[in-house]
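Okay, so here's the structure we're looking at.
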Amino acid sequence: MSEAIESQLRTMLDRAVRDVMEAYGCWDAGDRVPYAIEVSRSPEHGDFACNAALVWARRARRSPREIATRLVEAIGDAGGLVQRTEVAGPGFVNLWLARARWHGVLTRILETGAEFGRSDVGKGERVQVEFVSANPTGPLTLGHGRNAVLGDCIARLLEATGCHVTREYYFNDGGRQMRLLGESVKARYLELLGLAAPPPAGALADPDAAWPPEIDGLPVAFPRDGYQGDYIREIARSLLDARGRELVGEDPEGPFKTAAEQSVFAEIRRALDALGIRFDVYSNELMLYQQGKIDEVLKDLRALDLAYEADGATWLRAQALGLARDRVIVKSSGEPTYILPDIAYHREKFRRDFERVIDVQGADHIDTFPFVRAAVAALGHDPSRIEYVIHQFVTLSSGGASVKQSTRRATYVTVDELLEEVGPDVFRFFMIQRKPEAHLDFDLDLAKEQDWTKNPAYYLQYAHARTHGIERKARERGRAMPQPGAIDASRLDLPEELELIKRLGQFPDVVARAAESREPHHVAYYLQEIAGLWNPYVQDGVRHRVLSDDEALTDARLGLALGVRVVLANGLRLLGVHAPERM
RNA sequence: GCGCCGGUAGCUCAGCUGGAUAGAGCACCAGGCUUCGAACCUGGGGGUCGGGGGUUCGAAUCCCUCCCGGCGCGCCA
């Protein structure tokens, strides 16, 4: 509901509650019982429902319905704000807003235009959203795709609520995984030259299987846990084409790793670009080493007696921070585990003056963030400013069968592959349709559905395109679109028109709620509701033809069309989905 | 075994932080419309909200407990 309407109702009801409770002799201004004003779910229950009588019943020792009756008397018409009131159910007070108030809502939507839905509930906070953050060891999988869309939509929502947002991608390029990548490429390179034998295919498929060091007199160079995807062979092939045999003696962490990282990262950025996702900052682990940030954190943790040596490794004294167990932060090999750079990285986030930090991560990281958060807190930063949005995994279903996504094996579907099938708009919409903490089953059959009455993404886009269709038709007839101020919205008095206006007016609240809860799916569901009201409305050209001989009515309905367009366009923009003018 | 997340219509999922008769899409059934304002619409069937306790005027929502599924519990990231 609109902020202005909400606060007016609240003021009015506060007074009515006070008057009634004073009459009962049980008003204590210092100890008020909170009550709710809710948007009614059904039109039969008015526009708003108030539960004040129910929550005050105990204190007043009166039945809720009796109190509600007194409230209704005290409310009256509330100085023209309210058209009708009633006592209902166990003691709700249902309120019907004066229609003129709703008509004002449409005018405001049209005047606000592209800005409608924006607010300042984010209070200008400087916030960093870190997402994707996939290490460049292979193409983006569906899980990364969900992460990417989720993070980007959260960023868009925060921007719409007045935050200053930095989108950031962090990757670990210093550790074992990248070394493994280099080794994998070199092994394939040697295989192409006939200097090494590939491991048996069956052994690769089984994570517990071992293979002999030699096959047919050739060494098997491919590392255990190596990266098996075809892209590794392609990188090796292009190295062979470019450099011939001269790399045979090179370190895997030299040209092989470098070439692989560049190649894979280029692919990742291409996929993100196709999704309309851009980052403001890329940061990486090696950078932190070069700047001495890792050593610094280690030194500071030691100074706080939060790090100690045992079994040849360095441990974080996490139990002293209230966690279940201690954790290794520097391995006995001298190499830090990923958690140490992570601590350093998060400390740098605050030093870079972000007021809030949001990390979007897959469920497999769920156990690690408490350590980072606790360590950063111990280093003097407010841990409540670090937020984690943990999302569950993605499965892909088609023809009734569900395909589980697995990295490092050949059983994953990449973002690129899926984009070729469904395009970025459908991809994004489907990825954002579920709340983060729920598993997401990507219904490939529905996503590919070209009978677009069935595909929810197209249904939404079509609802938007229809507002342009009507405008085109109007222009054909030589009629200009009305100016916002010139519309007599009181002509829109059919129930479905008022319902549409009411729902359109809630858009800013939906955006605010989605932003604050970091749950973009609320926007997707809301837009489907709008489309579900608008499509049938346009459909029923007998009951309410938009273009008619009644000029004032025509202008009012064109105004309604423009209002729908504003909300759908603004909402789709928040989801990063295009709002086409025709389909 | 421990921790986190899920369990709502045949399927995939919403449910505004405790409100009234639990919703949507897909699928299914019956009908409408022969079209870019039908890429849609109308109507219908379908539910012990995983089970059991508790809190209260009122529970899908909060608490306890059990069952099922996913993920994690590395000197991997």
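Convention: sequence-line order gives letters A, B, ...; per-chain numbering from 1.
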Of the nucleotides B/G72, B/A77, B/C13, which has the atom closest to the A/Asp441 side chain?
B/C13

Counting only side-chain nitrogens and oxygens, does A/Arg58 get under 4.0 Å of the OP1 or OP2 atom of B/C57?
yes

So, is A/His439 close to the B/C13 phosphate, meaning a side-chain N or O under 4.0 Å from OP1 or OP2?
no

What is the separation between atom CE on A/Met583 and atom C1' on B/C36, rounded to the nearest whole Å?
11 Å

Is B/U17 syn or is it anti, if syn means the base angle is within 90 degrees of 0?
syn

Rounded to whole Å, the CG-C1' distance (A/Asn455 to B/A27) equals 15 Å

Carboxylate-amine/guanidinium contact A/Lys448 A/Glu421, below 4.0 Å:
yes

With a 4.0 Å cut-off on heavy atoms, is A/Ala465 in touch with a base, just the backbone sugar-phosphate, or nothing at all?
nothing

Please state how far atom CZ in A/Phe442 lies from atom P in B/C13, giving the value in whole angstrom units.
13 Å

note: A/Gln528, atom CD; B/A24, atom C1'; distance rounded to Å ~ 7 Å

Using a cut-off of 4.0 Å on non-hydrogen atoms, how would the nucleic acid contact of A/Tyr462 be classed: base, sugar-phosphate, or nothing?
sugar-phosphate

Would you say B/C41 has OP1 or OP2 under 4.0 Å from some side-chain N or O of A/Tyr459?
yes

Quickly work out the A/Tyr345 OH to B/A77 P distance and round it to whole Å.
17 Å

Can you tell me which stems involve RNA chain B, if a stem is defined as three or more consecutive Watson-Crick or G-U wobble pairs, both distances under 3.5 Å?
B:1-7 with B:67-73, B:10-13 with B:23-26, B:28-32 with B:40-44, B:50-54 with B:62-66

Below the 4.0 Å mark, does B/G15 have OP1 or OP2 next to a side-chain nitrogen or oxygen of A/His522?
yes

In plain terms, say whether A/Lys349 and A/Glu168 are close enough for a salt bridge, that is, a side-chain N and a carboxylate O under 4.0 Å apart.
no

For B/C26, does either OP1 or OP2 sit under 4.0 Å from a side-chain N or O belonging to A/Lys454?
no

Within this structure, what is the CZ-to-C1' distance between A/Phe171 and B/A77, rounded to whole angstrom?
14 Å

Answer yes or no for A/Arg70 and A/Tyr24: cation-pi contact, defined as NZ/CZ to six-membered ring centre under 6.0 Å and angle to ring axis within 45°.
yes

State plainly whether the residues A/Arg472 and A/Glu476 are in salt-bridge range, i.e. N to O under 4.0 Å.
no

Rounded distance (Å) that lies between atom P of B/A14 and atom OH of A/Tyr525:
5 Å

State plainly whether the residues A/Arg557 and A/Glu497 are in salt-bridge range, i.e. N to O under 4.0 Å.
yes

Between B/G52 and B/G43 - P atom distance, rounded Å:
35 Å

When you check the phosphate oxygens OP1 and OP2 of B/G6, does a side-chain N or O of A/Lys435 lie under 4.0 Å from one of them?
no

Interatomic distance where CZ belongs to A/Arg434 and P belongs to B/U12 [whole Å]:
10 Å

Identify, with sequence neighbours excluded, every residue that meets side-chain contact (heavy atoms from CB on, under 4.5 Å) alongside A/Tyr231.
A/Pro139, A/Tyr227, A/Ile235, A/Val264, A/Tyr412

Enumerate the salt bridge (Lys or Arg N to Asp or Glu O under 4.0 Å) contacts for residues 133-149 of chain A, please, sequence neighbours excluded, ordered by first and then second residue.
none

